[in-house]
Amino acid sequence: MELPYVVVIILFYLGIYTIIMNKNLIKIVVGVNIVESSLILLLILISFKLGGTAPILDRKYELVVDPIPQALALTAIVIGGSLIAVMLALVIKIYKRYGTLNVDEIRKLRG
Amino acid sequence: MTGGKVVIYVILNMLMIFLLFTAFFAVFTKNLLNSIITLAIFSAILIVIFVILQAPDAALAEAVIGAGLTLTFFVITINKTKDWQNE
Amino acid sequence: MSRVHKIFRKFYKIGLVLFLAIFLLFIFDEIQNLDIKRYLSEHYISEGVQETGAINLVTSVLYDYRGFDTLGEATVILTAAATLSFMTPIKKVKMLGTEFTIIIYQTIIIIIPFLVVLGMNLIFFGHISPGGGFVGGVILAMIPILVTINYGITFSENKLKPNHKSLLEGIGAIGFILLGLLGIFAGSNFLASGQANFGLGNPGELISAGLIPYLNLMIGIKVGAGLAAIFNSLIKEG
Amino acid sequence: MESAVWIILLPLLTAFFLGIFKLYSDKLFYSLVIVSMVIYLYLLILVINDSYPPKVYSIGNWGLLGINLMVDSFSAMFLLIIAILFITVIIFSLNYIKVNKHKFIILTYVMIAGIAGMVLTADLFNLYVFLEVSSMSSYALTAIKKTDKSIESSFKYLIMSTFGSFFILLATILTYYLTGTLNMAEISLEFKSVPFMIKSTIMFFFIFGYGIKIGLVPLHAWMPDSYEASPIPYNVLSSGLVMKSAIYALIRLLYVIFGVEFLTESGILNIGVFWGVLTFIIAHTLAYQQSNLNRLLGYSSIAQIGYITIGLFLGNEKGLIGGSFHILNHGIMKGTLFLVLGIFYYSLKADEIEDIQGLGYKFPVLSFTFVVAALAIVGLPPFNGFISKWLIIEAAIEAGFFYAAFFILVGTFLSLTYYLKVIIKLYTKTEKKTLIEKPDLSLKLPTFFLGSLCILFGIVPSLPLSLINNIPKFLLNNSEYIRILLGG
């Protein structure tokens, strides 16, 4: 089970790199989305047990997957979704005011 | 492990690799519309991975909120900021 | 001079990211060989159905064991909707809609009833099958979104006025808290649906699991109205 | 012990009802605001009074299976700040805010509920959710004026704060993975068997995440812009509560989950103290060069957070008492300064240092309050700022950090310079200024109330200190806190 955790780390830091390095506002929000998805993937990986079944107990199962991280994942998805909605609303507002999406030009115009 | 289980885990690892490729392409492509469409593929693969990892609730939520609404908001933002031809 | 400065800033940032990456890489191969204890989730799995009456353990964790998180999360959606509503300008905004063909109009009219049934099913069967208040609410929010995209913002606005949306959102949120207070009136603590022996019924039936179906309904109304309001304010913004 | 839940529930319920009343009648809207404010004040006093033997309130009556709220003296002190600042800000902003007034009041209520949730909860993921609630409403409040600068600074604040939240969420997930539970008491018991390197890495992620929200020096880039662009009543709450709740959550995590022995052993206490010293030295020098008063007070807030970090990271009893008392004092002092500035801006649209020239003679009492609060924040003897700063200096010497004690004195003189610059500008003669609007009583009353508190807590410090003195009992040796939380 080593590869999925490595993928989570790479995705997390790819998103962090995009947020730090990128000049375009929408690319920054894409980076935020990628980091959000990698954390939710980590939550689901933690809840997985080899050979386990989904946490719906309509019958007696011998091995059931851990339900707590899935509940946390659901909360994290909804919080991340509403955060990105607010970010994109601000991006549209900034574009209407400054006419550009490039961070450096905005800093120059702001003066 | 029975034959069926091995096949699923091979598919899971392949999807993980595919996830990485779509993420790298979404970040490093110049045109914004391409990056948004690749983000849609990224979310779709993520949903399949959640189903394989026996997390139906998270898969449904990610499908509806992550792949559904978030990408609609991205497209609206792209639509309103005419800047997406040249990055 | 600024070119060297720019390169220095670039390497400083990449160095910061790599430095943090090493930390996480170190943790993960260390964590693999630790024996992790999961007594809390074992308890949820073994006694979850008897205590809360819900078959879907994720819903029982979300709405009964850790109901307070869901209240906090519903507040986050309400704040996002409030933020976006004061962002939109007062004056009329021309929507950048495209002219769809007749096929799209007809299919939307056919699809909408199925969306209603699907949304309601996901909300009410939340404690039996995967789904629940959030997912069902978002699918219900799809209906005003589809109408807005197809028939333009003015038509969808007078179909479901913004005031009605924020009213619905308020009703959903207050309903959730009042159901929580029901636990206090029944003598036990806030948001106590399993412990305050509301009728748990036998698991697997529609009317079972105490307050969870009604909490699901309240969250569904709130999320549906909230996200429809968010979508409309994002469209009108500009 | 019902009222612990009501402290979080009442603001939320009011915010939701206000959301509905906004659509129908203004009169109903304002009467509900006043009524809920009075009830909330009564509830807060009720909880603060019986906070000494800490009590646990479990949501949903699930005991250790669900989420627990815990009221001990550290959270009671924070509820005291909420009680003082929230009431004054709501009264002040009832007729200070002109644009989007309904939305402002609803979002302030939601932010107070988020901060009260962060302060009371004893559950790790619930702390993250309430952190998101309070941050989301502070992004909204930063952008509520819809000027170019406020939109742009709100976006920068949003990105930096989300960046911090990622690391906090990552650390929460790893803690759950290692211990299998989310209750703070059980985590600290399980953490005893976790190897040293992993524990210090998780601690580093928590500190890095919360460091951005607190605004320690290299991570404070978003702070001054957000002060300059957001409405002044929100600045009072932001510097008084939002920054403080982040450092409260960090201290609660470090002392309860990791325990003092691990903190000293891993050497994070020395790093914390050094970071605090670095923060206030740089913040003071930057504050000196500011011309905009809001930015000046913003940098001064970052500097005061540096003092509080030193106090709380010393690891001894006197340091905790001094740090918590400074949290209380700084909230009051900075609140007075911002409210006086608000009245100047309300009446003359003055927020640069040049604009307030000669206002000492036009508003004699207000300028006197400004001088009192400025001298208190610098730390001169008769006022409350001096007592808490003196406690921190004593604790620093006791804990052996002589360089920290010395630099605090240096910092006092640095802050004296730029506050004197403002005071002198206030009292230099200048030609007549036309008043745009006459500030009425409901603006002046909260300012005088906070100003009088500065003096009151300076002369009679035993009043709040009686509450603050038993904070270290539950933080230094966390076994007491854990015994109660586990239902002992």
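Proteins get letters first, then strands, A, B, ... in listed order; numbering begins at 1 in each. Worth knowing before you read on, the calculation uses all heavy atoms, side chains too, and leaves out hydrogens, waters and symmetry mates. Small disclaimer: the values here were computed from a predicted structure and weren't measured.
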Check whether [X] gets within reach of chain C through its side chain, its backbone, both or neither, counting any heavy atom under 4.5 Å.
X       : value
A/Leu42 : side chain
A/Val65 : backbone
A/Ile77 : neither

Heavy-atom pairs under 4.5 Å with chain C: which of [options] has the most?
options                   : answer
A/Leu88, A/Ile20, A/Val86 : A/Ile20
A/Ile68, A/Thr75, A/Val64 : A/Thr75
A/Leu90, A/Leu83, A/Leu74 : A/Leu74

Note to self: Check this for me, if you would: do A/Asp66 and C/Arg38 make a salt bridge, where the nitrogen-to-carboxylate-oxygen distance has to be below 4.0 angstrom?
What the structure shows: yes
Check: Does a donor on one side chain and an acceptor on the other come within less than 3.5 Å for C/Glu51 and C/Tyr44?
Finding: no
[Y] backbone acceptor or donor facing [X] side chain under 3.5 Å:
X        : Y        : result
C/Ser60  : C/Ala54  : no
A/Lys49  : A/Leu63  : no
C/Asn216 : C/Gly133 : yes
C/Lys165 : C/Ala228 : no

Answer with side chain, backbone, both or neither: which region of [X] has an atom nearer than 4.5 Å to a non-hydrogen atom of chain A?
X        : value
C/Val58  : both
C/Ile55  : both
C/Ile45  : both
C/Ile128 : backbone

Next item on the list: Indicate the atoms forming the closest heavy-atom contact of A/Gly80 with A/Glu36, along with that distance.
Entry: CA-CD, 3.7 Å
Note to self: Are the side chains of A/Thr18 and A/Ile28 in contact, using a 4.5 Å heavy-atom criterion?
What the structure shows: no
Next item on the list: Check whether any side-chain heavy atom of A/Leu101 sits under 4.5 Å from a side-chain heavy atom of A/Lys23, and report yes or no.
Entry: no
Next item on the list: Enumerate by number any residue of residues 169-176 of chain C whose heavy atoms lie under 4.5 Å from heavy atoms of chain A; in the absence of such residues, state 'none'.
Entry: none
Next item on the list: Would you sort out whether A/Leu43 and A/Gln70 count as a side-chain contact (heavy atoms from CB on, under 4.5 Å), showing the intermediate values?
Entry: CA-CA 7 Å; A/Leu43 266 170; A/Gln70 292 182 8; over 6 Å; no
Check: What is the ring orientation for C/Phe134 with C/Tyr63, classed by angle as parallel under 30°, tilted 30 to 60°, or perpendicular over 60°?
Finding: parallel
